[in-house]
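Encoded as structure tokens, the structure appears first; notes follow it.
Just so it is clear, the values below take in all heavy atoms, side chains as well, and ignore hydrogens, waters and symmetry mates. Throughout, a chain's letter reflects where its sequence line sits, starting with A, and its residues are numbered from 1. As the structure is a computational prediction, the values presented were derived from the model and not from experiment.
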Amino acid sequence: MKIASVIVDVPAKQTDKTFDYLIPEQWSDIIQPGTRVVIPFGPRNIQGFVTEIKSESDFNNLKAIIEPMDLEPVLNHELLNLGDWLTEHTLCFKISAYQVMLPAALKAKYEKKIKISSGAAVNDLAPILHPFFQKGRTLSWDEALQFGIVPALKKETENGLLEVHYEVKERIKKKKLKFVRPLLSAAELTAEIAKMTGRQVKQKEVLTYFVLYHEPVELKKLLSDLSISASTVKSLVEKKILIEEDMEVYRDPYLNRTFERTKPLPLSEAQKAAISPILHSIEKGEHEVFLLYGVTGSGKTEIYLQSIQNVIEKGQEAIVLVPEISLTPQMVNRFKGRFGDLVAVLHSGLSAGEKYDEWRKIHRGEVKVVVGARSAIFAPFENLGIIIIDEEHETSYKQEEMPRYHARDVAIERARNYNCSVVLGSATPSLESFARAQKKVYHLLTLPTRMNNQALPSVEIIDMREELREGNRSMFSRKLFEKLKERIERQEQSVLFLNKRGHSSFVMCRDCGYVMNCPNCDISLTYHRAGGQMKCHYCGYESLVPKRCPECSSEYIRYFGTGTQKVEDELGKILPEARVIRMDVDTTGRKGSHERLLKEFQEGKADILLGTQMIAKGLDFPNITLVGVLSADTMLHLPDFRSSEKTFQLLTQVSGRAGRHELPGEVIIQTYSPEHYSVELAGTQDYDLFYNREMMVRKTHRYPPFYYLSLITVSHEELLKAVKETEKIVAFIRSQLSNETVILGPSASPIPRINNRYRYQCLIKYKREPNLIRTLKTILDQYQKDTKSGLQVSIDVNPFILM
DNA sequence: AGCACGCCGACT
DNA sequence: GTCGGCGTGCTC
């Protein structure tokens, strides 16, 4: 009998290896590497992934696989190997690596149930258990706990009257619809019609229908189209003329939408020059990484589309990654418009079932292109021809939970496996990518000008300290106010952008400035409008907003939204005639409201669009001629070495929203630190200069791209333990790594306490450290093995945020 | 992660 | 003497 190596669904150090199982003869054709299986593991049944089929095992008494969960493997050979790569590079468990590659719907659900043994009767049981097992009922373990009857159950289990069953269930069912199709040929149907009596009018009608359309039809549709009842169909089914069948259908989120088909647009000279090396590498089937550096509005998307066109014509597939927030209908339209049904879309707005169905389209090879957010990088294609990452610099490509992967790294790894190219596109490339392009590791392609040579908007930086000195205490500079007024008179549109740290709101006392903090974590609570509650994002603590400030008893305690509410109020005072649409977490909470608000703005139902980060992306409306950034520097002073880079990218991004069409655009940036180079250079839209300046800073402070980083976070309930243990780790790492490597710590984490656990960290900066992964693994092994110390150690290789 | 096995304190 | 606390170690 064949043997399968299985990775079991238990994310723990001790089980992070394969377990061997016998493959029952009846499943031997189906069970292959990549198939999910149900296996007995200890006393229970759980899910596992087959990684290998072999004929021998080092173990003697192998158990057998209970059953496969798939008819086709869900992971192909390449993805199984990619799992190994992920495990190695992010130091995660194998099972976590496989799970992250699949839609959540494929994660198993476990149920523990108590059933009466065959041959035993309800009356044999202890009397208190009688009500729970009447009429063959089963009892779930949760219910057993609730009713406090576990000891009684245990006793009867030992007596052999009850049995414990461990069930592994699918999370989502495939959606099925009833279809009807003819069993006979058209000619035979005609003969049947002739045989029928005059009374069988409806049946004749149905058969006539099938003579004309000899195809399966959804039962519901047939009934309503011919306005007949189910009994008519039923009698034809009984006569074996028709047959009813269940057919799998997809939950298609874009089902009732039509996409205007587009044709490839003629390319500008610059675009031609940029696309030609990409097409060349597609043709040759070479692995290369391109950095497509093109200012906003320079036509990057058309380059993506035409590259993909070539890939499809070659019979290959394409993955396009887009940041979640810019995965707007506008973006989807462009791809669906060009490639129609060959496109699958994966983003967080879809339900688990919809995501699963989109995934299945890819898995079955029914689509050739997937457009999606970060996790779409794992799309189960078998013949990838290109991977495109738009807005390559976006931080959302880094996953902040285990496995902490960066989609860019995964993309390059997958592309290497398929010998295909990666295109990284950005108007403000990450320093890492641009540095690699400079070093010729990546192939740099530039689109220096906007389409049709549209001028970049003129940007003016306003020093808000100056405004204050001259007596203007409002949040609008006089200049911005003037310009806004002007736009309203000219019936043009403006976008106001509030650059707030974080996307959330907090609760603050307006008298003493006291901010409501989580009692368990050193972080402010987030205000949720629903129920007027404050919640902690890290530990889940909840409480109502107090009526009075706990510090000074003032009643002026109120929530500070993203600040947009306040801006809207003030706008109402100074420009009462302006129609404003506000977009923030509060107004876009519900599904689809994001889209709706943008549509209203596009239709000219408002003069001003006011919002946070989320409006910085993808907005491309012809009538926007003014962009105002209310506070450019709120992000600048965060304790993060990337804060300058982020500020520059964001300001440049927002500025690009203005004047993308015929009307020229203007940008006003208000700031308290106009002399800071990231603000100043965003003003002149000078990426190259910014790059040089920032590279010098990174070099002196030994940050990426000059050094790689790894971050170890240690947490414990006692502050002292956390510090001490971090100290130990620091010492150990020092002893293992080279002298050129910088090891910082122990230092308190930027969030020093989460869920009553103190957090200390150690930051490693290194250039070349072949021993690093091994050293980090040793540390993890140590702490994952012993769970009693109460210490938790987590490691982020190449962290994005140092938290 | 679960779960069983096992070795010590407070109860019928 | 037994029930049950959770410490320890295993799951092919």
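Atom CD1 in A/I39 sits roughly 14 Å away from atom P in B/dG2 (whole-Å rounding). Rounded to whole Å, the distance from CZ on A/R44 to P on B/dA1 is 10 Å. Between the CG atom of A/L22 and the P atom of C/dC12 there is a distance of 12 Å, rounded to whole Å. Distance A/D16 CG to C/dT11 P: 16 Å, rounded to the nearest Å. Atom P of nucleotide C/dC12 and atom NZ of A/K54 are separated by 14 Å, given to the nearest angstrom. Atom CG in A/L145 sits about 13 Å away from atom C1' in B/dG2, given to the nearest Å. Here C/dT11 presents its C1' atom at 10 Å from CZ of A/F59, a figure rounded to the nearest Å. Across the protein-nucleic acid pair, A/Y166 atom OH and B/dA4 atom C1' stand 10 Å apart, rounded to whole Å.
The salt bridge (Lys or Arg N to Asp or Glu O under 4.0 Å) test with A/E248 singles out one residue from A/K173, A/K176, A/R360, and that residue is A/R360.
Checking C/dC12, C/dT11, B/dC3 against the side-chain heavy atoms of A/P43 singles out B/dC3 as nearest. Closest to the A/D20 side chain, of the nucleotides B/dC3, B/dA1, C/dC12, is C/dC12. With C/dC12, B/dG2, C/dC10 as the choices, the nucleotide that has an atom nearest any side-chain atom of A/Q14 turns out to be C/dC10.
When heavy atoms are screened at a 4.0 angstrom cut-off, A/Y21 is found touching the sugar-phosphate backbone but no base atom. Across all strands, A/P40 comes closer than 4.0 Å only to sugar-phosphate atoms, never to a base (heavy-atom distances).
For the residue pair A/E143 / A/S140, a side-chain donor-acceptor distance below 3.5 Å is found, with atom types taken as modelled.
The aromatic rings of A/F378 and A/Y405 sit perpendicular, their planes meeting at an angle over 60°, well past the 30° parallel limit. Note on ring orientation: taking the six-membered ring where Trp is involved, the planes of A/F41 and A/F19 are perpendicular (angle over 60°, cut-offs 30° and 60°).
Taking only side-chain nitrogens and oxygens, A/K112 comes nearer than 4.0 Å to OP1 or OP2 of B/dC3. The phosphate of B/dG2 (OP1 or OP2) has no side-chain N or O of A/Y110 nearer than 4.0 angstrom.
Looking only at side-chain heavy atoms (C-beta outward), A/L86 and A/V100 come within less than 4.5 Å of each other.
Centre separation under 5.5 Å together with a plane angle under 30° holds for the ring of A/F41 and the six-membered base ring of C/dT11, marking them as stacked.
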